[in-house]
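Shown next, in structure tokens, is the structure this report addresses.
Quick caveat, the model's predicted, so the values are computed rather than measured.
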Amino acid sequence: MQYNFNEIEAKWQKYWAENQTFKAENNSDKEKFYVLDMFPYPSGAGLHVGHPLGYIASDIYARYKRHKGFNVMHPQGYDSFGLPAEQYAIQTGQHPAITTAENIKTYRRQLDQIGFSFDWSREVRTSDPKYYKWTQWIFIQIFNSWYNKDTDKAEDISSLVAVFEKEGNASVNAVCDDEVEAFSAADWNSFSDKRKQEVLLQYRLTYLAETEVNWCPALGTVLANDEIVNGVSERGGHPVVRKKMTQWSMRISAYAQRLLDGLEKIDWPQPLKDSQTNWIGRSQGASVVFPILTFPKGKGTKPGYMTGGNNSHLLLERAKEMRKNPTQAEAVLWESLKGKNLGDKFRRQHVISDFIVDFVCLSKCLVIEVDGAIHDAQKEQDEERTAILNENGFKVIRFKNEEVIGDIDNVLATIQKHLENSVPPMGARGIEVFTTRPDTIFGVSFMTLAPEHDLVLQITTPEQKAEVEAYIEATAKRSERDRMADVKTISGAFTGAYAEHPFSKEPIPIWIGDYVLAGYGTGAVMSVPCGDQRDYDFAKHFNIPIPNIFEGVDISEEAFADKSKTVIANSDFLNGLPYKKAMKLAIYELEKLGQGEGKINYRLRDAVFSRQRYWGEPFPVYYVDGMPQMIAPEHLPIALPEVEKYLPTETGEPPLGNAKEWHWLQYGEEGKVVSEEEFNNSSPLGRLGGALELNTMPGWAGSSQYFNRYMDPTNDNEIFSKEAMNYWQDVDLYIGGSEHATGHLLYSRFWQKFMFDRGFVPKDEFAKKLINQGMITGTSAFVYEAIVSDKNIPNIYISSKVFHQDSEENPKHWEEKEEFFKKYGLVSKDIKYRSIHIDVNLINSQSEVDIEGLKKWREDFLDAKYFFENDGKMLAHHEVEKMSKSKYNVVNPDDICAEYGADSLRLYEMFLGPLEQSKPWNTAGITGTHGFLKKLWRLYFDDNGAKFTDSAPTKDNLKTLHKTIKKVEEDIANFSFNTSVSTFMICVNELSTQKCTSKSVLESLAILVSPYAPHIAEELWSQLGNSESISTAPFPAFDASHLVESSKEYPISFNGKMRFKLELPLDMSKDQIEEAVMSHEKTTQQLQGRTPKKVIVVPGKIVNIVG
RNA sequence: GCUCGAGUGGUGGAAUUGGUAGACACGUUGGACUUAAAAUCCAAUGGACAUUAGUCCGUAUGGGUUCAAGUCCCAUCUCGAGUACCA
């Protein structure tokens, strides 16, 4: 009986599909186990042999767990939104949905033929409206949430509104936009509806903001940072520029700390954790404000309290008059504010810009306005006034007359709170910097701003203006790539302005330089040349003093950055302190001055969530009066509209701008998507709706919760039922590539934490264990081609060995070449050669090229001149590269399955090497695992049929079997699948030698092999007389008693070198072993009369004789 | 530059706590079967000398700890991955 793998595999694949063998139930008494693969993007090229690696590993694990009695969920689906289908659509007009559906068909066929135990009843596709309905739903949940720092979690936005209504935003501790202004409950309640929406948008976990984005003109879209490689787009390699656009953003920065902390409780690969840690980029230090001393535009010549604008002389008289005749409320409040009653000096009826404000604390930049009833009517004007004051760096808080008179204590408490919280805002008053070394603050000898910093133009003196502007222009011209490549050139310019040192009160020159990045921290640094190499180089270059503030350290050559050895000197109150203590004290003193505070800075930026693409999830958002509105969840999904063209519109709008019907129209419960005309012609009475959002969601939207949707994928009423979620909880094993470390895997953790906060999921980390499978690289084949430009000369190819031989080794070829080139008037030794790729499928295991195949493959080779080896063969040479179409090194699993079978492929992919490691594919090697399967088959059958009998297993049979059980279980636990394949080979080799025919042993063996080679295992199982699938047969139990040995072949070594072996009983004592070894003739021979100094006996292990 | 990972036969790779280096395969060589090929089976296969035992050298390099080091420690080199003027 032959091992007919094609027939067997087709038979069992059909059986599994028909019987839904691998369908997982949501309610089961068995313990759950959730094995997940990163779902693929179905590309047009189909699968190559490298793709299934991770799926095979997870499938082995899933099948193993079924044998161990678990209820295993092993789902699969498609991440089917994405750029390639869209690009294809742009080129051909083919709808991406059609392309995608075709590609999925190919993928499914390819996956099926490898025999995965996927539960296809749970399949999801991110581009399916039934699926993206829930992506849209989550977006709405995120929109309706804010991050409360006090409870350290996301909460429903209604809880924030409730606080605003009761007490304004003074006590709200939220993650929000930087430039949120303070308002009272009264303010809030008097805000227009639009104003309220604007304010809330500053707090929502997803928000619209004008952001600088990576715009790729060639692709017509925005790219995320992780979609850019070396300054060009990852896909296509097009240039990328910075551009400002209004975009949806996700406030992932709110979760920075929790994303960091969460890494500690999940079993993920260390390199992956490290790269997430890096990406989040936490650094601890302080934010410090340096007041600016000199203001150009005349400001600097005036005393600090002269804050009036150009028309202030006209206002001064009126201000004086108002001081004399205060309102009752003003008088009451002034009594409490004057004379530093609250600790800070206030002025009343003070001129700022073109306004007279009621009260102002100049040192804290806090304006207090007391309004009468009249102000209700002029809300708009007030808002404008506030805006102008804000621009001048002042924070404005307002109280009503009644509040001041009726509840002065509460008013004062509010003012007090603002005074305490207010570090003077960045703006005209000071420069805020972030530093990780506040201990070195006395070493500051200059400050450096990024050339793009907002303040630069405001503070530059007239004398320095030309230089500064020239420098800014020069840096703007340089691409980001140039700036990165050229780190060594030091450049910068002096602004002419000075800042005041917080402690020494000395003036510090303010420079600009492109080594300071606008996008990190505050875009400004306090430069400590003695403690930071970049500052040091800058100071050296521009001859800025380098004060030394370290005890006993020489800084004449380079900066000293070793925190652990730092002892501070020349630093007033910090003298003599080590780094940590100095840092604490410096922060404490800065806080006392109100010029700084301890701060933790993260590199992690909020994630831009808008893409100018067609083939992505539409937002469930329409706009009214410029403000975004969510469509009620019961109307979801908002389906992707049809468009004629997939390119951006002529006016530069995203592709959805081409849609004819893309307005939302809703009356009461009834809502639909209509054309603009229909919307405009509809009755405004009771109407909801407006123009729909033109952007679509990014690729990571659909992949950030798919693992949860698998738990209940066909539920149309909820994203998943509570019961399903409570049963499955989280992913037990997740396998996928490491390229998603800072993309998908970070965003998914963020969404999971959000879902956890809002009570939708029970776990705040979605995957307990994660494994990154390595890449299977291709082995490319090359031949040497002569570089000749003359068109009359045929293409010339030279066999690899011939190419490397010189005249002495192979005079025959040497002459042949010489002669050939002579014909064309060329000299052979002047000819240069290059390697060119040829199709790897034209090469056999001895690197011989199939010349006939080659000639058919490409016209170039048809009428070419070849220089073969002496035996007439053409040899290729090889190199290991990434598998790719353009390198002609792609091996298709279809071919492998047809020729060797899926089981051989599965075994071979595992056998190649450790799962996590990258390793080259070499088709020739598959004969090893294929041969093993044939040998396995022959253990059960020969030409006469079944060999197995009911005979009792021998001792050796059992020893082999149980050795194998033990090793395989250990290997699976360690994901060391390559070694378990060799264990199977050893086992089968041994059982063959033992001529084992015992049915019980062979039955156990079939189960052991089943996770790895499921088709042959099913066939053997059924031939052994079982009627059920092998998939849930209990895994054989290991029995250590079969492995007990009575003797051991001891290696006897002399001075650590093994010389001979000696079989001794294991129950011998140390002394008995020593005696037996010493009396052995070979020992005497080895010692040659010497007396050993020492004999080391490790019972059960080794004997070593020293001397 | 920084962070992490890795260097073992012709090749992919084994070696779980320091205890017989090179398991298991591929490839190569020789042999059996065959008209021949394929398939299958058997044998050899780290290097050098000796070929009957045997001896020496070998896990990137140099040192160290130890009775014993691929494994532990120090230094150096090379390759791979991630990240980058991160204050």
Side-chain angles (χ1 to χ4, degrees), chain A residues 269-279 281-283 285 433-437 440 448 450 483-484 486-490 513-517 519-528 531-535 537-538 561 601-603 738-739 741-742 772 774-775 779 845-847 878 880 907-908 911-914 916-929 931-932 934-935 938 967 970-971 973-974 976 978-987 989 1049-1061 1085 1092-1098 1100-1107:
Chain A
Q270 198 54 42
L272 193 150
K273 287 188 185 181
D274 289 344
S275 74
Q276 290 209 350
T277 306
N278 259 327
W279 193 259
R282 180 187 203 266
S283 47
V433 301
F434 174 75
T435 176
T436 53
R437 296 296 302 273
T440 64
T448 317
R483 251 171 97 165
M484 282 196 306
D486 179 24
V487 178
K488 297 228 166 68
T489 316
I490 293 155
D514 68 359
Y515 80 96
V516 177
L517 303 175
Y520 183 76
T522 61
V525 300
M526 59 175 229
S527 301
V528 185
D532 182 284
Q533 196 56 42
R534 289 155 305 167
D535 295 344
D537 295 340
F538 194 86
N601 206 44
Y602 297 93
R603 198 179 78 107
S738 58
E739 67 273 17
T742 53
N772 291 130
M775 203 189 351
T779 310
S845 61
Q846 280 98 49
S847 294
H878 299 278
V880 169
L907 282 173
Y908 186 53
F911 187 61
L912 274 177
E916 291 97 328
Q917 193 173 302
S918 120
K919 55 241 159 186
W921 177 266
N922 171 21
T923 303
I926 201 169
T927 53
T929 52
F932 158 75
K934 287 200 255 185
K935 213 166 171 183
R938 280 201 304 276
K967 176 79 171 124
E970 283 166 1
D971 284 345
N974 296 321
S976 175
N978 54 326
T979 50
S980 40
V981 176
S982 14
T983 305
F984 290 137
M985 291 174 170
I986 294 167
C987 174
N989 288 344
E1049 195 176 33
Y1050 278 91
I1052 312 299
S1053 54
F1054 292 80
N1055 296 320
K1057 283 170 195 157
M1058 205 277 290
R1059 283 289 117 102
F1060 66 94
K1061 287 176 189 170
Q1085 193 188 326
K1093 285 190 193 126
K1094 214 179 191 181
V1095 178
I1096 284 146
V1097 177
V1098 185
K1101 279 244 163 98
I1102 201 167
V1103 177
N1104 192 16
I1105 297 159
V1106 187

- Query: Can you tell which of B:rA14, B:rU83, B:rC4 lies closest to the side chain of A:Asn978?
  - Reply: B:rA14
- Message: Counting distance alone, no hydrogens or angles: does the base of B:rC67 have a donor or acceptor under 3.5 Å from a partner atom on the side chain of A:Asn1104?
- Response: yes
- Task: Between B:rA23, B:rA87, B:rG12, spot the one nearest the side chain of A:Phe911, thanks.
- Result: B:rG12
- What integer number of Å spans the C1' atoms of B:rU55 and B:rA37? 45 Å
- Hey, does A:Asn989 reach any base, or is it just sugar-phosphate, or nothing, if we go heavy atoms under 4.0 Å? sugar-phosphate
- Task: From the options B:rA23, B:rC67, B:rA87, select the nucleotide whose nearest atom is closest to the side chain of A:Val1106.
- Result: B:rC67
- Query: Which one is paired to B:rG22, where only Watson-Crick or G-U wobble pairs with both distances under 3.5 angstrom count?
  - Reply: none
- Message: So A:Phe1054 and A:Phe1060, do their side chains get closer than 4.5 Å, heavy atoms only?
- Response: yes
- Does B:rG9 pair with anything, Watson-Crick or G-U wobble, both distances under 3.5 Å, and if so, with which nucleotide? none
- Query: Under 3.5 Å, is there a donor-acceptor pair between the A:Thr448 and A:Ser527 side chains?
  - Reply: yes
- Task: Hunt down the Watson-Crick or G-U wobble partner of B:rG80, both distances under 3.5 Å, from any strand shown, or write none.
- Result: B:rC4
- Message: Please confirm whether the shortest side-chain N or O distance from A:Ser738 to OP1 or OP2 of B:rA81 is below 4.0 Å.
- Response: no
- Partner of B:rG27 under the Watson-Crick or G-U wobble criteria, both distances under 3.5 Å, comes out as B:rU45
- Nearest to the side chain of A:Val525, which nucleotide is it out of B:rA25, B:rA87, B:rG13? B:rA87
- Item | Between A:Asp971 and A:Thr979: side-chain donor-acceptor atoms closer than 3.5 Å | yes
- Nearest-Å distance for atom pair CG/P, residues A:Leu912 and B:rC24: 18 Å
- Go through B:rC24, B:rC26, B:rA87 for me and flag the one nearest to the A:Tyr520 side chain. B:rA87
- Task: Using Watson-Crick or G-U wobble geometry with both distances below 3.5 Å, tell me the partner of B:rA69, or none.
- Result: none
- Message: If I pick the P atom on B:rC72 and the same atom on B:rA15, what distance separates them, to the nearest angstrom?
- Response: 14 Å
- For the side chain of A:Asp514, starting at C-beta, report the closest nucleotide among B:rC85, B:rA84, B:rA23. B:rC85
- Query: Nearest of B:rG27, B:rC86, B:rU40 to any side-chain atom of A:Arg938?
  - Reply: B:rU40
- Please state how far atom CD in A:Gln276 lies from atom C1' in B:rA81, giving the value in whole angstrom units. 16 Å
- Taking atom C1' in both B:rC33 and B:rC41, compute the distance separating them and give it to the nearest angstrom. 9 Å
- Task: Just compare B:rC26, B:rU40, B:rC56 and give me whichever is closest to any side-chain atom of A:Lys934.
- Result: B:rU40
- Query: When the P atoms of B:rU17 and B:rG10 are considered, how many whole Å apart are they?
  - Reply: 28 Å
- Task: Could you work out the separation of B:rG18 and B:rU66 based on their C1' atoms and round it to a whole Å?
- Result: 9 Å
- Note on the structure: Here the distance between atom P of B:rU55 and atom CG of A:Asn1055, to the nearest Å, is 13 Å
- Query: When the distance from CZ of A:Phe1054 to P of B:rU20 is rounded to whole Å, what number comes out?
  - Reply: 16 Å
- Counting side-chain heavy atoms from C-beta on, which of B:rC56, B:rU20, B:rC26 comes nearest to A:Asn922? B:rC26
